[in-house]
> 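So that we are looking at the same thing, I have put the structure below in structure tokens.
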Amino acid sequence: METRYNHKEIESKWLKNWDEQKNFKPASDANATAKEQEHFSIVIPPPNVTGALHLGHALNNTIQDILIRYNRKLGKNALWIPGTDHAGIATQAVVEKRLFQDEKKTRHDLGREELVKRIWKWKDEYEARITSQLKLLGSSCDWDRQRFTLDPICAKAVRYAFFNLFKKGFIYRGKRLVNWDTHLHTAVADDEIYHETVKGHFWTFKYPLADGSGYIPVATTRPETILGDTAVAVHPEDERYKKFIGKTLLVPFVNREIPVIADAILVDREFGTGSVKVTPAHDPNDYATGLRHNLPMLNILNEDGSLNENAGEFKGLKGEKARAAVVEGLEKSGLLLKVEDHEMQVGKSDRSKTIIEPYLSDQWFVKMDKLAERAMQAVENGEVKFTPARYAKNYLNWLGEKRDWCISRQLWWGHQIPIWHVEKLRVESGELRVEEILKKCFLNRSDIHFYQAENGDWLVCSLEKDLREDEFEGLNLIRDPDVLDTWFSSALWPHSTMGWPGETEDLKDFYPTSVLVTARDIISLWVARMVIFSQENLGKIPFDNVYINPTILDGLGRRMSKSLGNGVDPLDIIEKYGADALRFVMCSMCTENQEARLPVKKEILEDGREINVSEKFEIGRNFGNKLWNAARFLSSYIVGSGEWGVGSCAKLEDRWVLSRLNTVVRQIQNAFENYRFSEYAAVIYHFVWDDLCSRYLEIKKGEISKESSALLSHSLYTVLDLLHPIMPFITEELNSILFPNSQRVILRQWPKANENLIDAEIEKQFEDIFAIVEVIRSVRGRYSIAPSQKITAVASTSANLENCKNMIKDLSGLSDFEFGENLPKPAFSASAVIAGGEVFVPLEGILNEETEIARLNKEVEKAESFIISLNKKLSNENFVKNAPAAVIDGERQKLATQQDIVEKSKAALKELAAFP
RNA sequence: GGGCGAUUAGCUCAGCUGGUUCAGAGCGUCUGCCUUACAAGCAGAAUGUCAGCGGUUCAAAUCCGUUAUCGCCCACCA
């Protein structure tokens with residue numbers, strides 16, 4: 001074995017080996033009886049094929065793999081399904097951007113078919129990359145079950161889900177105000193918008209009365225929308241404007257007549273002029289007002305955001321130009337009253353970074369009220385549990401709004417909506433006739449459903465078959481060109497991946513899944529919708545638990561992003577520190593906190609490439625190396641299989657290490673049960689490093705007896721099991737070296753805590769004795785005595801240390817160690833108080849009185865101030881009366897200990913003073 | 001505006017049911033060591049108004065209120 005752990009070869013070796021041995025597959029695939037086992041299943045939050053994985057993915061997938069490996073070792077039938085998401089708008093946007101950069105072409109130059117072909121190519125490339133990254137991380141997914149949200153299996157689920165919702169009336173089509181991306185020409189969701197504060201203006205202008213008798217002053221930040229105004233609203237109680245209510249105004253430039261209306265909801269009397277222009281087709285509040293007052297909704301924009309024919313002379317102008325032209329026009333016609341600077345929020349599209357326009361268009365929606373209600377219940381009644389629990393609120397708040405979900409996107413990349421519009425052109429005699437024809441065609445077909453939309457259009461939904469334009473005589477069927485919001489297929493993910501709507505073995509064996517591991521920013525977008533669709537499609541919840549992993553930020557508390565250049569590439573970290581190191585640090589970062597900071601620094605590689613790294617990963621690498629070297633040392637002493645029977649051990653340290661080991665097993669189990677991953681990492685880290693290496697191994701290494709070998713072997717063997725979920729590669733490798741005849745770690749049984757071996761008394765006793773070692777070491781440190789230089793020590797204590805004498809000698813570098821009750825202090829000794837006694841280290845010729853006096857004084861000072869507070873507490877009648885007896889006893893004991901320290905230290909001080 | 005969270009050592013963070021883990025870990029710093037598993041290491045050391053204020057309690061880093069600062073989510077800003 002090399003003196004340093006070299007992760008590279010070992011990682012690729014085990015990746016190959018596990019894969020060849022099919023170790024990532026659930027037990028039930030090979031063995032029918034395994035179906036009876038308790039299942040444990042996870043479906044991966046599918047990474048978007050927009051790009052490579054980042055550190056957030058590394059964290060998310062590390063946690064999933066830890067859970068899968070742990071439960072697999074618990075003997076459960078464990079399945080982790082991997083896959084990727086087509087990510088609709090996001091992927092189309094990156095490919096379109098690339099297309100423009102490389103070829104100066106737009107999607108319209110290519111056409112739908114060719115563009116989609118290009119996106120598939122992109123998808124293939126990135127899916128392969130993501131898969132390879134997941135593998136390098138050590139993710140033990142069943143790769144044979146890998147899915148893609150746009151693959152035929154998922155597509156079938158989408159068709160069935162859509163058809164079902166359509167048939168039940170949960171899906172409707174209507175003209176609604178949506179967020180319109182004028183660059184990508186599609187509706188986008190509220191959450192695909194970010195807001196930017198920009199410096200704009202607040203223009204106040206005259207809205208002239210139609211009868212020429214005056215005007216109402218109105219202020220706006222978006223003067224170009226004047227052209228789409230269909231009313232001006234004032235507050236019904238506003239004395240200034242009351243008289244105008246019901247009168248008619250003329251829209252400047254286009255001279256349309258519009259009413260003055262009274263609306264207490266829209267109008268804030270105190271704000272601006274106290275009068276509001278109403279543009280129902282281009283503002284959400286105005287839209288609502290329009291509905292309240294039954295106002296016309298006048299669309300003044302084209303799909304690309306330019307003004308349309310309704311804008312009259314301004315037709316064709318877009319954005320700032322349109323605004324400037326309108327302002328100029330107002331000024332020229334003497335209508336402009338005032339211009340003020342005004343800061344405002346502008347919504348921009350996540351994908352195109354261009355301004356979002358509220359835009360009235362025909363879209364598809366899912367009616368949310370009933371569906372949301374049921375999904376809320378699943379969390380309220382504890383069927384679905386969130387960890388940390390507070391995130392349930394997030395979920396409930398969002399669902400509580402029950403806003404209908406706009407599921408249509410005017411894109412080319414995605415699941416095309418399985419709806420065919422009935423073109424009326426070939427129909428001879430009106431609406432009734434269409435309905436009759438439809439009924440005639442589809443009467444006995446359970447796979448077709450149709451209805452008439454709000455606008456009178458007939459819509460036909462087909463479950464499986466794509467309908468031809470001339471499929472039925474007398475009908476002309478045109479497929480709806482829209483695709484579904486990417487979250488529609490994501491919402492089906494837990495069951496679509498398992499083959500729903502088929503009644504598959506996987507659904508029987510593994511559904512509902514055990515836990516969903518995800519980030520908090522998609523609780524509403526994704527988690528809630530999965531619950532809804534699962535309940536609707538299967539009548540079951542999709543997962544029992546939701547674990548929300550923290551968000552990784554850089555050292556300054558910022559999100560990692562390409563534009564900031566602060567992102568850490570997991571592959572760089574795997575390359576430099578190893579996957580195990582990366583995983584260990586990811587696991588350590590999973591505390592209850594919602595954020596985890598990772599200080600990032602630049603590093604230039606030998607090949608000149610600059611990468612971002614973080615010192616934090618050294619912890620993981622160093623830990624692996626520590627374990628590696630402990631194993632290397634023990635490799636020649638390993639005896640037996642690593643199992644521990646009921647060996648009798650007389651020695652304190654042996655009983656201690658067994659107790660510690662079993663305590664650790666228990667602690668880790670507890671950590672898993674509560675999703676406390678950082679605690680898991682910390683517990684195993686300190687057991688290996690401090691208990692096993694710094695203490696037990698150091699005690700034993702001088703002379704390793706057969707019995708010790710067996711116990712050391714057992715400890716290490718168990719550590720390999722306990723650490724495997726976090727650091728699978730090194731543990732599997734060490735196991736193959738040290739215990740070549742044992743079953744591989746990935747598969748073998750997780751250790752059980754033997755409660756009989758846990759002995760708090762022994763652990764305490766050991767700590768007391770180890771304190772002697774620490775006291776002597778501290779003296780050595782104080783006088784810079786080289787480890788090679790032997791010294792002697794005396795312990796005045798009633799404890800019988802015969803059993804531990806050699807251990808104390810070895811660990812403290814003593815040539816001689818004497819102990820006994822009331823032993824006198826040797827001359828020129830440094831002294832220190834321990835539990836139930838005192839330790840003396842004779843240092844003739846080395847001892848410095850001043851150093852000792854200073855140290856002892858400090859001890860006394862500390863103890864005395866502690867005594868004051870203890871006395872205060874103990875003399876408090878209420879404390880003695882109310883506190884539990886054990887606590888009072890504890891305080892009394894503390895007091896005695898502190899008094900002992902003071903007494904002994906003072907005696908030592910006195911003596912030092914006597915020997916100048 | 002509504003909701004959630006954070007503030008503990010120079011840095012990154014633990015600290016769960018209030019008291020026997022109660023002020024901790026890792027990194028960094030300082031001192032001494034290449035002691036035959038490990039210098040990616042060993043031994044020792046220094047460092048804190050637990051954000052401020054108030055309250056509850058016999059007892060508060062921990063519970064409550066409040067202020068400040070920072071962050072996130074949701075809604076909205078003619």
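We name chains A, B, ... by the order of the sequence lines, and we start the count at 1 in each one.
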> With sequence neighbours left out, what residues match A/Tyr680 under ring pair (Phe, Tyr, Trp, His ring centres under 6.0 Å)?
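A/Phe672.
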> Which stems does RNA chain B form, counting runs of 3 or more consecutive Watson-Crick or G-U wobble pairs with both distances under 3.5 Å?
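Ordered by first number, the stems with RNA chain B (at least 3 consecutive pairs each) read B:1-7 with B:68-74, B:10-13 with B:24-27, B:29-33 with B:41-45, B:51-55 with B:63-67.
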> Side chains of A/Thr551 and A/Glu595: is there a donor and an acceptor less than 3.5 Å apart?
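A/Glu595 and A/Thr551 do not have a side-chain donor-acceptor pair below 3.5 Å.
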> By nearest heavy atom, map A/Ala886 and A/Ser275 onto RNA chain B; which one lands nearer the 5' end?
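Per heavy-atom nearest nucleotide, the more 5' residue is A/Ala886.
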> Applying side-chain hydrogen bond (donor to acceptor under 3.5 Å, both in side chains), can you list everything that pairs with A/Arg4, at least two apart in sequence or on another chain?
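Listed in chain order: nothing, the list is empty.
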> If we count only N and O atoms by modelled type, under 3.5 Å, do the side chains of A/Asn806 and A/Asp810 hold a donor and an acceptor together?
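Checked: A/Asn806/A/Asp810 side chains show no N/O donor-acceptor pair below 3.5 Å.
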> Checking A/Asp263 against A/His293: is there a side-chain donor and acceptor pair closer than 3.5 Å?
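Yes, because at least one side-chain N or O of A/His293 sits under 3.5 Å from a partner of the opposite role on A/Asp263.
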> Apply the salt bridge (Lys or Arg N to Asp or Glu O under 4.0 Å) test between A/Glu698 and each candidate in A/Arg695, A/Lys700, A/Lys701; give the one that qualifies.
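With A/Glu698 as partner, A/Arg695, A/Lys700, A/Lys701 yield a single salt bridge (Lys or Arg N to Asp or Glu O under 4.0 Å), made by A/Lys701.
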> Assess the side chains of A/Asp229 and A/Tyr207: does a donor N or O sit below 3.5 Å from an acceptor N or O?
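Side-chain D/A pair, A/Asp229 to A/Tyr207: present.
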> Report each atom pair, protein N/O against N/O of nucleotides 42-48 of chain B, whose distance is under 3.5 angstrom.
{"from": "B/C42", "atom 1": "OP1", "to": "A/Lys626", "atom 2": "NZ", "distance (Å)": "2.7"}
{"from": "B/C42", "atom 1": "OP1", "to": "A/Trp689", "atom 2": "NE1", "distance (Å)": "2.7"}

> Using atom names, set out every protein N or O paired with an N or O of nucleotides 4-6 of chain B below 3.5 Å, distance rounded to 0.1 Å.
{"from": "B/C4", "atom 1": "OP1", "to": "A/Lys393", "atom 2": "NZ", "distance (Å)": "2.8"}

> Listed by chain and number, what are the ring pair (Phe, Tyr, Trp, His ring centres under 6.0 Å) partners of A/Phe766, not counting sequence neighbours?
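Once residues adjacent in sequence are excluded, the partners of A/Phe766 under the ring pair (Phe, Tyr, Trp, His ring centres under 6.0 Å) criterion are A/Trp656, A/Phe770.
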> Does anything in residues 873-881 of chain A reach RNA chain B, meaning a heavy atom under 4.0 Å, and if so which residues?
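Per residue number, the list reads A/Asn876, A/Asn878, A/Phe879.
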> Report the nucleotide, chosen from B/C38, B/A37, B/C58, that has the shortest atom-to-atom distance to any side-chain atom of A/Asn882.
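Among the listed nucleotides, the one closest to the side chain of A/Asn882 is B/C58.
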> Find out whether A/Val232 and A/Val276 are in side-chain contact, i.e. whether some heavy atom of one side chain is under 4.5 Å from a heavy atom of the other.
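Not in contact.
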> Check for me whether the distance between the ring centres of A/Phe584 and A/Tyr685 falls short of 6.0 Å.
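Ring centroids of A/Phe584 and A/Tyr685 are less than 6.0 Å from each other.
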> Of the options B/U12, B/C72, B/G19, whose atoms approach the side-chain atoms of A/Arg559 most closely?
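So the side chain of A/Arg559 is nearest to B/C72.
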> Could you give all pairs that pass the salt bridge (charged side-chain N to carboxylate O under 4.0 Å, His left out) test and reach residues 673-693 of chain A, with sequence neighbours left out?
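Listed once each, the pairs are A/Arg660-A/Asp691, A/Arg676-A/Glu679.
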> Just jot down the side chain to side chain contact (heavy atoms under 4.5 Å, CB included) partners of A/Lys862, sequence neighbours excluded, or say none.
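Scan of A/Lys862 (side chain to side chain contact (heavy atoms under 4.5 Å, CB included), adjacent residues dropped) gives none.
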> Is A/Glu340 close to A/Trp203 at the side-chain level, that is, under 4.5 Å between some pair of heavy atoms?
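A side-chain contact is absent here, since even the closest heavy-atom pair is not under 4.5 Å.
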> Using a heavy-atom cut-off of 4.0 Å across all strands, would you classify A/Leu598 as base, sugar-phosphate, or nothing?
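Answer is nothing: A/Leu598 stays at 4.0 Å or more from every strand.
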> Please enumerate all residues that pass ring pair (Phe, Tyr, Trp, His ring centres under 6.0 Å) together with A/Phe687, with sequence neighbours excluded.
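Scan of A/Phe687 (ring pair (Phe, Tyr, Trp, His ring centres under 6.0 Å), adjacent residues dropped) gives none.
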> OP1 or OP2 of B/A14 versus the side-chain N and O atoms of A/Thr591: is any pair under 4.0 Å?
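Yes, within the criterion.
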> Going by distance alone, is a donor N or O of one side chain under 3.5 Å from an acceptor N or O of the other, for A/Lys277 and A/Thr225?
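There is such a pair (donor and acceptor under 3.5 Å, judged by atom type) between the side chains of A/Lys277 and A/Thr225.
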> Name the closest nucleotide to the A/Val276 side chain, picking from B/C72, B/A78, B/U20.
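So the side chain of A/Val276 is nearest to B/A78.
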> Please list, chain by chain and in numerical order, all residues satisfying ring pair (Phe, Tyr, Trp, His ring centres under 6.0 Å) with A/Tyr547, sequence neighbours excluded.
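For A/Tyr547 the ring pair (Phe, Tyr, Trp, His ring centres under 6.0 Å) partners, ignoring immediate neighbours, are A/Tyr675, A/Phe677.
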> For B/G65 and B/C27, measure between their P atoms and round to the nearest Å.
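It works out to 39 Å between them.
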> So which protein nitrogen or oxygen atoms get under 3.5 Å of nucleotides 26-29 of chain B's nitrogens or oxygens?
{"from": "B/C27", "atom 1": "O2'", "to": "A/Glu615", "atom 2": "OE1", "distance (Å)": "3.1"}

> Using the P atoms only, state how far B/U35 lies from B/U29, rounded to an integer number of Å.
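Nearest-Å result for B/U29 against B/U35 at atom P: 22 Å.
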